[in-house]
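A short write-up of the structure that comes next.
Order of the sequence lines sets the chain letters (A, B, ...), proteins ahead of strands, with each chain counted from 1.
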Amino acid sequence: MQFMLIMNETEAERSKRDDPATAGAYWGGWSAFIGAMHHAGIVINGDGLEPPHTATTLRIRDGKRVVQDGPFADTKEQLGGYFIIEVPDLDAALDWAAKSPAASAGSIEIRPVMPPPAAIPMD
Amino acid sequence: MVGVRTPSAEVAKAASVESAVVAAARASYGRLIALLAARDGDLAASEDALSEAFAAALKVWPTRGIPANPDAWLLTTARNRLINAHRHEAVKARGMDEILRRMDAPSAAQEPIPDKRLALMFVCAHPAIQEDIRTPLMLQTILGLDAGRIASAFLISPTTMGQRLVRAKAKIKAAGIGFKVPDLDALPERLEDVLSAIYAAFGASFDAVAGSDDCNMSLAEEAIFLARVLVSLMPQEPEALGLLALMLYVDARKAARWGPDGAFVPLKDQDATLWERAKIVEAEDLLVRASKLNRLGRFQIEAAIQSIHVQAPITGTTNWAALRSFHELLLTQRPSIGAFVSYAAVLQAMWQGRSALEVLSSLDASDVSTYQPFWVTLAAAHRACGEEEAAARAMERAIGLTENPRVRAFLLGERSALID
């Protein structure tokens with residue numbers, strides 16, 4: 001079964017990426033976690049994301065395009081990255097999520113990946 | 001205004017009644033559930049009835065006062081609720097009045113309430129119940145812990161945990177699992193299941209592997225409480241004594257596990273003055289009591305291992321030879337992955353890195369691939385052999401499998417030391 005692990009970080013945690021005093025431990029923790037998942041052969045896909053200030057948000061309302069700088073909503077925790085993993089069940093997904101650095105420095109949302117809808121008539 | 005209670009007095013009174021109800025719940029929950037469910041094995045209905053009795057107490061006690069024997073009051077109320085539920089659903093609507101009317105009969109209020117919790121423990125850890133739900137079942141029925149808290153401790157979604165508990169209770173009723181202590185011939189094996197279920201609440205084999213103190217201790221107090229109940233009900237069972245001793249030894253060190261800055265402190269570097277002396281003394285006494293009963297078992301051996309560790313600061317040196325013997329003895333009794341890894345950790349600490357590596361490489365790779373203590377110990381064994389690169393690789397795996405952020409930070413430091 002496939003799950004998306006949606007990694008949320010606080011601003012303070014994310015800024016550790018750029019501070020030379022904290023970057024080593026920050027990346028060390030993440031690369032070890034990602035390495036452990038790869039060793040277990042469960043990773044389908046995954047990426048870290050650039051910080052929220054690099055985001056651009058688009059909406060179309062009443063036929064008009066609205067393009068804004070920044071993320072859709074201001075929240076205490078920001079989307080920092082994601083993984084799609086293949087594990088037997090939710091228990092196993094929770095087990096991996098707990099080992100992620102984001103678990104203690106933010107939160108992780110765990111969502112089943114929706115299977116493709118059954119037989120869509122093509123013609 | 002004489003006789004008219006001020007709002008603050010009302011609040012104070014309500015608060016004291018509430019704390020009386022909470023106290024009754026903590027002290028008597030399992031006792032009452034065990035008695036209620038012993039009749040027909042219906043744990044779910046008993047829990048419902050008891051929680052209604054507690055709700056009734058919160059309503060009635062403030063105006064009528066806290067009864068002389070709160071347990072008897074709660075038991076009678078819950079029993080009546082069960083009887084009413086059986087009779088007809090219509091009674092439900094006026095259930096509270098019914099309960100109140102019946103409650104006025106003071107019969108049997110002073111009789112001591114028999115303790116059937118031991119039988120309930122054996123029901124929860126019955127072989128017919130799936131192993132991974134035995135501990136949650138015990139925590140809920142004996143201690144009244146709510147499913148959400150149990151789910152968090154076991155890293156399971158609250159909905160799933162709730163469903164599994166409901167299913168397990170249905171199974172107990174449907175399968176007709178008897179509310180009794182097993183006969184003597186079945187007792188040793190069944191007791192092992194009860195002990196394992198209690199120990200599972202405490203957290204896996206940790207601290208035995210130095211430096212891998214990475215486990216969930218959120219239910220440690222609850223586990224110790226369960227073991228105390230078991231010891232009070234089976235004072236002649238050496239393994240029950242051993243289990244309680246083991247958990248007390250480990251729990252006694254909890255204040256020393258984290259430094260003033262919150263950093264993780266491995267056992268060998270801990271400030272022994274922070275260990276809780278009273279718990280250690282109690283554990284030593286329990287272990288002596290157990291040894292006099294002359295039936296050695298896994299938990300007594302593990303407690304003895306902990307006993308050697310706590311003696312180290314007193315004697316100024318760790319008795320590694322004794323540790324090694326106890327670990328070898330443990331392997332003959334219970335050759336688990338954790339026991340092998342602990343044994344390797346002892347060998348490594350005795351400067352026998354090569355032997356430690358041999359023990360570790362004999363384990364099945366699929367059994368250890370996500371077992372963090374294995375990788376911590378493998379790193380230490382490689383380092384003891386001067387193989388720093390292999391040590392750093394193993395440490396990397398350990399870091400990736402570590403849940404506690406403070407332990408992660410500690411291991412990251414260890415790894416940096418290897419690379420430099």
Side-chain angles (χ1 to χ4, degrees), chain A residues 1 3-10 12-14 16-17 19-43 46 81 83 85-112, chain B residues 130 132-133 136 151-164 203-204 212 214-216 218 262-264 365-372 374-376 378-379 392-420:
Chain A
M1 202 175 164
F3 291 88
M4 187 180 220
L5 307 184
I6 302 161
M7 310 287 186
N8 300 306
E9 290 177 316
T10 58
E13 178 69 11
R14 195 201 51 75
K16 287 184 184 169
R17 294 182 188 179
D19 182 344
T22 51
Y26 180 92
W27 292 116
W30 275 104
S31 72
F33 168 66
I34 294 164
M37 284 201 297
H38 276 290
H39 273 289
I42 58 163
V43 180
F83 289 92
I85 59 170
E86 172 84 53
V87 288
D89 52 31
L90 176 62
D91 293 2
L94 278 165
D95 216 39
W96 279 106
K99 295 173 169 54
S100 150
S104 50
S107 65
I108 299 158
E109 186 176 329
I110 298 133
R111 285 236 217 150
Chain B
Q130 233 176 298
D132 60 3
I133 201 69
S152 297
F154 287 91
L155 215 54
I156 302 239
S157 108
T159 315
T160 308
M161 180 56 86
Q163 288 164 347
R164 285 181 196 169
S212 70
D214 179 35
C215 87
N216 169 23
S218 58
F264 169 68
S366 64
D367 287 340
V368 297
S369 69
T370 59
Y371 185 56
Q372 190 255 20
F374 171 86
W375 296 99
V376 174
L378 184 65
R393 273 201 307 277
M395 193 55 93
E396 174 86 1
R397 285 289 288 280
I399 294 163
L401 296 168
T402 299
E403 190 178 318
N404 189 308
R406 297 187 279 187
V407 176
R408 186 187 299 124
F410 170 80
L411 296 178
L412 278 163
E414 296 271 290
R415 200 200 48 171
S416 309
L418 284 168
I419 294 168
D420 291 345

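Summarising the geometry, atom CE belonging to A:M37 is positioned 11.0 Å from atom CG belonging to B:L401; distances are rounded to the nearest 0.5 Å. Taken from NZ in A:K99 to OG1 in B:T370, the straight-line distance is 6.0 Å, to the nearest 0.5 Å.
For a residue to count as touching a neighbouring chain, one of its non-hydrogen atoms must lie under 4.5 Å from one of that chain's; by this rule A:S100 touches chain B with the backbone only. Using a 4.5 Å cut-off between heavy atoms, A:A98 touches chain B through backbone and side chain atoms alike. Neither the backbone nor the side chain of B:S369 comes within contact range of chain A; no heavy atoms are under 4.5 Å apart. Interface residue B:I156: backbone and side-chain heavy atoms are both found under 4.5 Å from chain A.
Residues A:P101 and B:R408 form a side-chain contact, since some pair of their non-hydrogen atoms from C-beta on lies under 4.5 Å apart. Counting heavy atoms from C-beta outward, A:S104 and B:E403 have side chains that stay 4.5 Å or more apart.
Around the CD atom of B:Q130, the shell of radius 6.0 Å holds no more than 12 heavy atoms that belong to other residues, nucleotides or ligands.
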Under 3.5 Å donor-acceptor pairs involving side-chain atoms of residues 88-96 of chain A, not counting sequence neighbours:
residue : atom : partner : partner atom : Å
A:D89   : OD1  : A:D91   : N            : 3.3
A:D89   : OD1  : A:A92   : N            : 3.0
A:D91   : OD2  : B:R164  : NH1          : 3.1
A:D91   : OD2  : B:R164  : NH2          : 2.8

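Between A:A32 and B:I399, the closest heavy-atom pair is CB-CG2, 3.5 Å.
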